[in-house]
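Input: a single structure, listed below in structure tokens.
What you see is a predicted model; the values in this text were computed from it and never measured.
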Amino acid sequence: QVQLVESGGDSVQAGGSLRLSCSVSGDIYPYYCAAWFRQAPGKEREGVATMYTADHSTRYADSVKGRFTISQDNAKSTLYLQMDNLKPEDTAMYYCAARTTFCGGTYFLTNPDKANYWGRGTQVTVSS
């Protein structure tokens with residue numbers, strides 16, 4: 001059983017920073033595609049960032065490039081999403097997800113239904 005548990009969501013002002021964490025536990029092969037998705041009220045879930053844990057190659061949504069960074073700790077048990085220069089349009093529930101194969105470039109980023117595992121989410125609210 002694989003579990004993903006997010007934390008770190010909060011309310012911040014525009015221009016601020018947050019770091020989200022995702023604790024990964026259970027029987028998951030060390031090499032998988034890790035991802036962060038988000039969903040705002042009334043909108044579809046969208047990809048934010050992916051990272052293939054074998055080589056740490058990353059992909060980002062255009063809307064967050066240069067502001068967000070996905071990473072993994074050395075023990076490979078925690079994923080992070082560093083979010084800088086936050087904007088009100090970043091307000092959403094943020095979810096950690098894993099796909100037990102390659103990221104496929106931007107394929108997983110644009111196809112959240114391909115995830116094998118999901119966390120329950122952590123809320124990020126950015127005020128202007």
Side-chain angles (χ1 to χ4, degrees):
Q1 185 76 7
V2 175
Q3 283 194 318
L4 307 177
V5 180
E6 304 93 335
S7 61
D10 205 344
S11 296
V12 297
Q13 289 193 326
S17 297
L18 282 175
R19 188 176 79 160
L20 305 183
S21 299
C22 173
S23 174
V24 182
S25 62
D27 188 17
I28 188 168
Y29 187 65
Y31 302 142
Y32 60 94
C33 184
W36 287 94
F37 291 86
R38 67 186 182 186
Q39 188 167 18
K43 294 188 176 181
E44 293 187 351
R45 191 167 295 191
E46 64 172 350
V48 174
T50 64
M51 181 181 69
Y52 185 49
T53 60
D55 60 10
H56 287 190
S57 57
T58 58
R59 292 289 189 275
Y60 294 93
D62 288 342
S63 58
V64 306
K65 278 181 183 176
R67 301 189 298 121
F68 290 12
T69 305
I70 186 172
S71 64
Q72 183 185 37
D73 72 337
N74 290 335
K76 300 188 177 184
S77 60
T78 305
L79 301 169
Y80 300 101
L81 184 68
Q82 177 66 39
M83 305 187 295
D84 298 317
N85 190 21
L86 282 160
K87 303 176 180 181
E89 51 264 42
D90 294 320
T91 295
M93 184 71 78
Y94 283 73
Y95 298 91
C96 177
R99 181 176 185 236
T100 56
T101 185
F102 302 99
C103 295
T106 59
Y107 180 73
F108 186 31
L109 192 67
T110 55
N111 291 276
D113 59 304
K114 301 305 179 185
N116 297 106
Y117 304 104
W118 287 98
R120 293 188 176 185
T122 186
Q123 177 67 37
V124 172
T125 303
V126 185
S127 58
S128 57

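- Formation of a donor-acceptor pair under 3.5 Å by the Thr53 side chain with backbone atoms of Pro30 is found in this model.
- By the 4.5 Å heavy-atom criterion applied to side chains, Trp36 and Ile70 are counted as neighbours.
- Residues Met51 and Met83 share a single hydrophobic cluster, defined by chaining ILVMFWY side chains whose heavy atoms lie under 4.5 Å apart.
- Ring geometry for Tyr52 versus Phe102: interplanar angle of 30 to 60°, hence tilted.
- Here the options are Tyr117, Tyr95, Trp118, the test is side-chain contact (heavy atoms from CB on, under 4.5 Å), and the partner is Leu4; only Tyr117 passes.
- The OG1 atom of Thr78 sits 4.5 Å away from atom CG of Asp73, with the distance rounded to the nearest 0.5 Å.
- No path of Ile, Leu, Val, Met, Phe, Trp and Tyr side chains, each step under 4.5 Å between heavy atoms, connects Tyr60 with Phe37, placing them in separate hydrophobic clusters.
- The shortest distance between side-chain heavy atoms of Arg38 and Thr91 does not fall below 4.5 Å.
- Arg45 is linked by a side chain to side chain donor-acceptor pair (under 3.5 Å) to Gln39, counting only residues two or more places apart in sequence or in another chain.
- Annotation: Glu89, atom CD; neighbour count of heavy atoms from other residues, nucleotides and ligands within 6.0 Å is above 12.
- Residue pairs satisfying the side-chain hydrogen bond (donor to acceptor under 3.5 Å, both in side chains) criterion with at least one member in residues 4-25, sequence neighbours excluded, are listed as follows: Ser17-Asp84.
- Among residues two or more places apart in sequence or in another chain, the side chain to side chain donor-acceptor pair (under 3.5 Å) test is passed with Asp55 by Ser57.
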